[in-house]
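Proteins come first, then strands; the chains are lettered A, B, ... in the order of their sequence lines, and each starts at number 1.
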Protein chains: 2
Amino acid sequence: MYSPAQTRILHAALDLFATHGVSGTSLQMIADALGVTKAAVYHRFKAKDDIVLAVTEAELCKLEEALTVARAENDAVEARKLLVRRIIDLSVERKGFVRVLQNDPVVIRLLGEHAPFRAFMSELYATLLDRDDDVEARISAAFFTAAIAGTTVSPFVDDIDADTLRATMIELTERMLKLAPLKGARIR
Amino acid sequence: MYSPAQTRILHAALDLFATHGVSGTSLQMIADALGVTKAAVYHRFKAKDDIVLAVTEAELCKLEEALTVARAENDAVEARKLLVRRIIDLSVERKGFVRVLQNDPVVIRLLGEHAPFRAFMSELYATLLDRDDDVEARISAAFFTAAIAGTTVSPFVDDIDADTLRATMIELTERMLKLAPLKGARIR
DNA sequence: GTCTATATCGAGATAGAC
DNA sequence: GTCTATCTCGATATAGAC
């Protein structure tokens, strides 16, 4: 799919995007991180937008795999549980970039303009929400996607290990999305 | 505090920052939004950073008022409840900018480097969290601040009115931060 | 307070040698 | 695949007139 040189560029770009945002990252910064010149980068990607596109595509690809696995489930609630867990795993693993995906203005524009991305996001949302979900469920879904994107980079949790973070996020989310009953509580 | 001209600049800048991010917003865009030239903007703020600083300061000021009110409460839990509600109100009222405050790389850098900002954030966090909060409470706090910042701008909730959004966010948050028992549920 | 005009710099992007 | 060199443009920022 990508040459070794391209892969190195994408990795460096991902890191820089997460720290400085897309607009705040220049091709010179990417080139410097790799110890090469701008021209070498342009040899592999003919424009900065292509790098942003490739990085975004690569991350969404991981989400797509999660969606495919989830959809193989017969039970809709189980499918949502699986999907949510995998999204949380990804956000912990790829700390920082989920925030970019969901909050960087350039990426947001890209996700809105690029038809395949739009189609994928619709599918993803459809699986996260039942067709006839009520308002609270939809707000919960918005709430939790935003939360997941931001939690891993919060100053509150700098010193908490990844496993604890992951487990607690899963619990909070399932409680919020009503995918599981509250631990130690009972609905009347 | 600020002249009328300055106030107009800050309002325009706030809008543009929320849409394009700080790095993605040029002084030309701000000037165009006001129908003046760049030089007119520079007459009031000697650098772009000063505009970012002023905008951030103005938003934090609103949070500071909320913090002062909350601290006047005797009961710590009531104080946190008040604070959380006010933060949610602000994020709904000033849709978009809370996301910038918490996610824009330029603002994050500013919040980290500017001593008064750092001090205020510490105070805010101290009120949101008890001194001896456990790990789950801290993750909850991170989770909910991230959630609040992102929810109002989510595509999930585009068509939901502000009041419903606000009320549901308050309920979700209080449930998460364990500030109130679950509606219709009872802890064993 | 606002303008025109301009200086300076860094960004994205290309040409062509090795 | 990488380099040097260069182009063009837009960005921050300043000078000085009205």
Inset, instruction - Describe the nucleic acid contact of A:K38 in one word from base, sugar-phosphate, nothing, applying a heavy-atom distance below 4.0 Å. - result: base

Inset, instruction - Report which part of the nucleic acid A:T37 touches: base, sugar-phosphate, or nothing (heavy-atom distance under 4.0 Å, all strands). - result: base

Legend entry - Between C:dT2 (P) and B:Q28 (CD): distance, integer Å: 15 Å

Inset, instruction - Calculate the interatomic distance between A:F45 atom CZ and C:dG12 atom C1'; express it in whole Å. - result: 16 Å

Legend entry - Spacing between A:Y2 atom OH and D:dG1 atom P, to the nearest angstrom: 15 Å

Legend entry - Minimum-distance nucleotide (side-chain atoms of A:R44 versus D:dA13, C:dT2, D:dG1): D:dG1

Inset, instruction - Have a look at A:L63 and tell me which of A:L90, A:L83, A:T68 forms a side-chain contact (heavy atoms from CB on, under 4.5 Å) with it. - result: A:L90

Legend entry - Value rounded to 0.5 Å, distance of CG in A:D134 from OG in A:S140: 8.0 Å

Inset, instruction - Look at all strands and tell whether A:S23 reaches a base, only sugar-phosphate, or nothing, counting heavy atoms closer than 4.0 Å. - result: nothing

Inset, instruction - Taking only the side-chain heavy atoms of A:A40 (C-beta and beyond), determine which of D:dT12, C:dG12, D:dT2 contains the nearest atom. - result: D:dT2

Inset, instruction - Ignoring backbone atoms, test whether A:Y42 places a side-chain nitrogen or oxygen under 4.0 Å from the OP1 or OP2 oxygen of C:dT14. - result: no

Legend entry - Donor-acceptor contact present, side-chain B:Q6 to main-chain B:S3, <3.5 Å: yes

Inset, instruction - Scan residues 3-18 of chain B against DNA chain C and write down, sorted by residue number, each residue with any heavy atom closer than 4.0 Å; if none is found, say none. - result: B:S3, B:A5, B:R8

Legend entry - Gap between atom CG of A:L16 and atom CG of A:D32 - 0.5 Å precision: 9.5 Å

Legend entry - For atom CE of B:M29 and atom C1' of D:dT12, their distance in whole Å: 15 Å

Inset, instruction - Dump the intermediate steps for side chain to side chain contact (heavy atoms under 4.5 Å, CB included) on A:R138 and B:D159, then the final yes or no. - result: CA-CA 11 Å; A:R138 280 169 49 217; B:D159 59 330; 2.5 Å; yes

Inset, instruction - Answer yes if the side chains of A:T127 and A:R71 hold a donor-acceptor pair under 3.5 Å, and no otherwise. - result: yes

Inset, instruction - Report the residue (A:K46 or A:S26) whose heavy-atom-nearest nucleotide on DNA chain C is the more 5′ of the two. - result: A:S26

Legend entry - salt bridge (charged side-chain N to carboxylate O under 4.0 Å, His left out) partner of A:R86, the single match among A:E73, A:E65, A:E93: A:E93

Inset, instruction - Check the distance between C:dA11's P and A:I51's CD1 and give it to me in whole angstrom. - result: 14 Å

Inset, instruction - May I have the distance from A:D50 (atom CG) to C:dT14 (atom P), rounded to whole angstrom? - result: 10 Å

Legend entry - Test side chain to side chain contact (heavy atoms under 4.5 Å, CB included) applied to B:T19 and B:T25, step by step: CA-CA 9 Å; B:T19 308; B:T25 302; over 6 Å; no

Inset, instruction - Starting at atom CG of A:L27, determine the distance to atom P of D:dC9, rounded to an integer number of angstrom. - result: 18 Å

Legend entry - Aromatic ring proximity B:F156/A:Y125, centre distance under 6.0 Å: yes

Nucleotides 15-18 of chain C: which of its N/O atoms have a protein N/O under 3.5 Å away?
none

Legend entry - Whole-Å distance separating the CD1 atom of A:I30 from the P atom of C:dA13: 11 Å

Inset, instruction - Would you check, one step at a time, whether the test side chain to side chain contact (heavy atoms under 4.5 Å, CB included) holds for B:I148 with A:F143? - result: CA-CA 7 Å; B:I148 289 173; A:F143 207 75; 4.2 Å; yes

